[in-house]
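Taking it in order: structure first as structure tokens, then the write-up.
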Amino acid sequence: MTEIRKRVLLAKPRGYCAGVDRAVQTVEEALKLYGAPIYVRKQIVHNKHVVSTLEKRGAIFVEENEEVPEGATVVFSAHGVAPDVHEQAKARNLKSIDATCPLVTKVHQEAKRFAADDYDILLIGHDGHEEVVGTSGEAPAHIQLVDGPDGVDDVTVRDPAKVVWLSQTTLSVDETMETVARLKTRLPLLQSPPSDDICYATQNRQQVVKEIAPDCDVVIVVGSKNSSNSVRLVEVALEAGAGAGHLVDFATEIDDAWLHEATTVGVSSGASVPDELVMQVLAHLAERGFGEVTEYTTTEERLSFSLPKELRRDMKARDMQATAARD
């Protein structure tokens with residue numbers, strides 16, 4: 001009897017993007033520089049393991065600035081915040097470090113620029129997501145949310161000739177383009193953002209999952225349920241032809257029933273997931289006969305972002321003091 005060949009198709013790119021790497025490093029370096037505790041408004045990135053690890057090192061995660069003691073250090077998450085959050089921090093004399101992903105900051109700048117020119121701005125995104133809340137706060141009188149294709153019918157604008165769409169950076173590319181297409185049937189003069197708002201990492205992870213999915217009986221995406229880009233990867237896998245798709249934080253959450261009749265398992269991870277969690281999934285699968293792993297690569301990512309200027313300034317001052325002390 002011929003033994004059934006079981007294999008894993010491992011997606012690449014996967015895991016940490018440049019913005020997440022920068023945000024996590026920001027908290028780690030702040031803890032080294034200022035000492036614990038460091039307060040972080042909201043989850044620095046949407047991943048259970050990352051948040052838990054930073055908590056053990058002395059980070060305290062809060063929902064709002066009011067929970068941070070006056071004069072303490074607070075880090076703003078990678079998802080970005082509205083201007084009033086910065087004002088609240090100043091009012092409480094907080095030392096704030098802004099770890100907003102530069103690609104999210106770009107969307108904020110676009111929103112401010114179009115609002116200054118008195119455009120109606122249609123922000124495609126998910127209601128209540130931290131990134132959407134932050135971007136909307138830049139120009140609340142000009143921005144209205146469009147939550148997917150089904151939200152198009154509710155759109156009203158003042159001047160159909162002065163309308164632009166922007167988007168949350170972690171959306172499904174295909175669904176966003178479907179939303180834009182529907183908007184353009186109603187608003188033919190709708191303008192597009194000057195450059196792509198959906199981040200390169202989100203697009204790259206969706207593309208490789210889209211390519212491996214048709215060959216997979218099941219696709220397992222490592223990521224947290226509140227991670228928009230991780231949830232989108234499961235949806236993309238199913239839409240592209242995977243037999244099944246599941247989101248897990250940890251290898252221990254994998255149900256053996258998912259693998260019962262599977263011969264090919266796809267594995268990827270969201271942009272806020274450290275690769276050690278993916279390696280644990282691969283080890284878990286290997287113990288169940290899926291020892292053959294083929295990494296499927298669509299592109300190499302080399303982008304990196306420098307740490308926030310506030311942190312770099314204080315790190316430089318520390319290094320200069322250390323040099324002076326040695327001399």
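It should be emphasised that the depicted structure is a prediction, and the values quoted were computed from it without experimental measurement.
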Seminar exercise, completed: Interatomic distance, CD1@Ile97 vs CG@Leu307, rounded to 0.5 Å, equals 9.5 Å
Exercise. Between the side chain of His142 and the main-chain N/O of Ile121, is any donor-acceptor distance below 3.5 Å?
Worked result: no
For this session: Start with the C-alpha gap between Thr263 and Asp217, add the side-chain angles, then the distance that decides, and say whether side chain to side chain donor-acceptor pair (under 3.5 Å) holds.
Result: CA-CA 7 Å; Thr263 57; Asp217 300 299; 3.1 Å; yes
Exercise. Is the backbone N or O of Val173 less than 3.5 Å from a side-chain atom of Gln206, with the two atoms forming a donor-acceptor pair by type?
Worked result: yes
Seminar exercise, completed: Heavy atoms of Val208 and Ala11 approach each other most closely as CG1-CB, 3.7 Å
Exercise. Are any side-chain N or O atoms of Arg186 and backbone N or O atoms of Val155, one a donor and one an acceptor, separated by less than 3.5 Å?
Worked result: yes
Exercise. Going hydrophobic residue to hydrophobic residue with side-chain gaps under 4.5 angstrom, can you get from Leu166 over to Val157?
Worked result: no
Exercise. For the residue pair Tyr200 and Ala18, what are the closest heavy atoms and their distance?
Worked result: OH-N, 3.1 Å
Exercise. Heavy atoms, side chains only, cut-off 4.5 Å: are Tyr16 and Val45 in contact?
Worked result: no
Exercise. Linking I/L/V/M/F/W/Y whenever their side-chain heavy atoms sit closer than 4.5 Å, directly or via other members, would Val107 and Ile143 fall into one cluster?
Worked result: yes
Problem set entry | Minimum heavy-atom distance between Leu171 and Thr202, given as atom pair plus value | O-CG2, 3.4 Å
Problem set entry | Partner residues of His49 under the side-chain contact (heavy atoms from CB on, under 4.5 Å) criterion, sequence neighbours left out | Asn47, Thr53, Phe250, Pro274, Glu276, Leu277
Exercise. Can any side-chain N or O of Asn65 pair as donor or acceptor with the backbone N or O of Val85 at less than 3.5 Å?
Worked result: yes
Problem set entry | Backbone of Glu64 reached by a side-chain donor or acceptor of Glu67 within 3.5 Å | yes
Problem set entry | Nearest heavy atoms of Gln280 and Ala251, plus distance in Å | O-CB, 3.6 Å
For this session: For atom CD of Glu261, decide whether the heavy atoms of other residues, nucleotides or ligands shown that lie under 6.0 angstrom number more than 12.
Result: no
Exercise. So, the side chain of Arg92 versus the backbone of Val68: is there a donor-acceptor pair under 3.5 Å, distance only?
Worked result: yes
Exercise. Backbone N or O of Arg113 within a donor-acceptor pair of the Glu138 side chain at under 3.5 Å?
Worked result: no
Exercise. Judged by atom type as modelled, is there a donor-acceptor pair below 3.5 Å linking the side chain of Asp120 to the main-chain atoms of Arg158?
Worked result: yes
Problem set entry | Same apolar cluster (I L V M F W Y, side chains within < 4.5 Å links), Val24/Phe305 | no
Exercise. Asp174 and Ser172: side chain to side chain donor-acceptor pair (under 3.5 Å), yes or no, with the steps?
Worked result: CA-CA 6 Å; Asp174 292 342; Ser172 158; 5.3 Å; no
For this session: Check whether any side-chain N or O of Lys225 sits under 3.5 Å from a backbone N or O of Asp249 as a donor-acceptor pair, and report yes or no.
Result: no
Exercise. How would you list all residue pairs meeting side-chain hydrogen bond (donor to acceptor under 3.5 Å, both in side chains) that involve residues 122-134, not counting sequence neighbours?
Worked result: His46-Glu130, His79-Glu130, His126-Asp147, His126-Arg232, Glu131-Thr169
Problem set entry | Taking every non-hydrogen atom, the tightest pair across Gly270 and Ser230 | CA-OG, 3.3 Å
